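I have placed the structure first, in the form of structure tokens, so that the comments after it can refer back to it.
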Amino acid sequence: MNALRFRRTAAAVAAATILPFALAACSDSGKESSSDSAAEASTDDSQAQESAAPDDAAVGDQPFGTACASVPKQGSGSFDGMAKDPVATAASNNPALSTLVAAVKQAGLVDTLNNAQGITVFAPTNDAFAKIPKADLDKVLADKAMLTKILTYHVVGQDVTPAQLENGNFETLQKGKITATGSGEAYTVNNTSKVVCGNVKTANATVYIVDTVLMPK
């Protein structure tokens with residue numbers, strides 16, 4: 001009997017000694033597993049945020065609009081090429097702006113535009129000029145003062161961002177006012193002229209190519 005009691009007592013003591021260590025080990029293992037899962041989740045979230053940020057920034061800084069597809073992919077007339085030249089020179093490398101470039105040369109405004117800094121140009125396409133009856137257009141091109149007035153009305157003396165076009169009111173170099181409304185990739189200037197390719201960067205200007213010539217008010 002004494003031997004039996006001794007064995008039972010020894011077994012109870014051993015169990016009491018081992019059980020706390022076993023529970024502690026399980027508890028530590030659970031903590032480590034939970035900690036590892038949290039660390040992995042945190043790493044995944046950080047990687048997702050890092051991969052998303054550059055894309056968001058890139059979208060807001062790119063040219064937009066249906067007519068942008070016709071811009072050459074390479075060379076001096078491409079977006080990269082135009083970004084290296086001042087605005088009048090950059091426009092001369094875009095075939096869709098040849099009428100505007102001829103008008104700028106006729107008015108003697110090439111140096112004025114190329115030497116300006118931080119300006120915005122609303123540039124009418126050839127099709128925009130084609131909307132004007134030929135007799136009227138020829139008359140304007142022959143009148144340097146009138147031509148200068150019209151062309152400088154398309155130039156704003158500050159860098160205009162797409163966000164500012166959403167509900168904008170800007171003074172032009174001609175001292176008149178132009179307005180802009182819209183959102184996303186759809187903007188209208190003076191309620192008549194649509195931006196067909198916007199946020200085009202040149203060395204000294206931001207260009208918004210428009211489908212209708214703006215007339216000073």
Side-chain angles (χ1 to χ4, degrees), residues 53 55-71 78-80 82-94 96-97 99-101 103-104 107 109-132 140 145-217:
D55 292 339
D56 292 343
V59 169
D61 196 40
Q62 298 300 311
F64 63 84
T66 55
C68 291
S70 64
V71 173
S78 66
F79 290 128
D80 288 340
M82 292 177 71
K84 298 174 183 178
D85 292 321
V87 64
T89 302
S92 70
N93 294 321
N94 187 326
L97 301 177
T99 304
L100 173 63
V101 171
V104 168
L109 293 174
V110 172
D111 289 341
T112 298
L113 295 178
N114 276 349
N115 293 329
Q117 295 298 322
I119 61 175
T120 296
V121 177
F122 293 92
T125 62
N126 295 344
D127 290 340
F129 280 100
K131 293 179 181 180
I132 303 174
V140 169
M146 177 60 70
L147 182 60
T148 299
K149 182 178 180 180
I150 292 173
L151 293 176
T152 53
Y153 183 68
H154 289 74
V155 183
V156 174
Q158 68 181 72
D159 181 28
V160 176
T161 66
Q164 290 174 299
L165 290 181
E166 292 182 3
N167 186 19
N169 192 317
F170 312 100
E171 182 177 351
T172 71
L173 296 190
Q174 181 266 337
K175 302 303 180 185
K177 295 282 188 179
I178 63 173
T179 61
T181 57
S183 63
E185 295 187 359
Y187 298 95
T188 303
V189 183
N190 283 0
N191 296 317
T192 58
S193 189
K194 306 291 186 182
V195 174
V196 294
C197 185
N199 204 33
V200 179
K201 302 297 183 180
T202 73
N204 68 326
T206 299
V207 177
Y208 293 92
I209 300 175
V210 295
D211 68 355
T212 303
V213 177
L214 306 174
M215 291 299 178
K217 298 178 180 180

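The figures here come from the full heavy-atom set of this structure, side chains too, leaving out hydrogens, waters and symmetry mates. Since the structure is predicted, the reported quantities are computational estimates derived from the model, not experimental observations. Position 1 is the first residue of the sequence, and the numbers go up from there.
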[atom2] on [Y] to [atom1] on [X], rounded to 0.5 Å:
{"X": "Ile119", "Y": "Thr172", "atom1": "CD1", "atom2": "OG1", "value": "12.0 Å"}
{"X": "Asn199", "Y": "Asp61", "atom1": "CG", "atom2": "CG", "value": "6.5 Å"}
{"X": "Leu147", "Y": "Thr152", "atom1": "CG", "atom2": "OG1", "value": "9.0 Å"}
{"X": "Tyr153", "Y": "Ile178", "atom1": "OH", "atom2": "CD1", "value": "6.5 Å"}
{"X": "Thr112", "Y": "Leu173", "atom1": "OG1", "atom2": "CG", "value": "9.0 Å"}

Residues 205-216 side chain polar contacts: donor-acceptor under 3.5 Å, at least two apart:
unit_1, atom_1, unit_2, atom_2, d
Thr206, OG1, Asp159, OD1, 2.6
Thr206, OG1, Lys201, NZ, 3.1
Tyr208, OH, Val160, O, 2.7
Asp211, OD1, Lys194, N, 2.8
Thr212, OG1, Lys131, NZ, 3.0

**Lys84 atom NZ, over 12 foreign heavy atoms within 6.0 Å** = no
Taking every non-hydrogen atom, the tightest pair across [X] and [Y]:
{"X": "Asp85", "Y": "Thr202", "value": "O-CB, 3.3 Å"}
{"X": "Lys177", "Y": "Glu171", "value": "NZ-CB, 3.9 Å"}
{"X": "Leu100", "Y": "Pro124", "value": "CB-O, 3.9 Å"}
{"X": "Pro63", "Y": "Val200", "value": "CB-CG2, 4.3 Å"}

**Item:** Counterpart residues, side chain to side chain donor-acceptor pair (under 3.5 Å), relative to Thr161 (two or more places apart)
**Value:** Gln164
**With sequence neighbours excluded, residues passing side chain to side chain donor-acceptor pair (under 3.5 Å) with Ser92** = none
**Message:** Less than 4.5 Å apart, side chain to side chain, heavy atoms only: is that true for Val195 and Thr188?
**Reply:** no
**Item:** N/O donor-acceptor pair under 3.5 Å between Asn204 side chain and Ala116 backbone
**Value:** yes
**Asked** Under the 3.5 angstrom rule, does the side chain of Asn190 hit a backbone N or O of Thr192 as a donor-acceptor pair?
**Response** no
**Item:** No-hydrogen, no-angle side-chain donor-acceptor test under 3.5 Å, Asn191 and Thr179
**Value:** no
**Asked** Which pairs pass ring pair (Phe, Tyr, Trp, His ring centres under 6.0 Å) with one or both residues in residues 154-198, sequence neighbours excluded?
**Response** Phe64-Tyr187
**Of all pairs that satisfy disulfide bond (SG atoms under 2.5 Å apart), the ones with a partner from residues 165-212, not counting sequence neighbours** = Cys68-Cys197
**Prompt:** What pairs of residues pass the side chain to side chain donor-acceptor pair (under 3.5 Å) test when at least one of them lies in residues 116-130, not counting sequence neighbours?
**Reply:** Ser98-Asn126, Thr99-Asn126
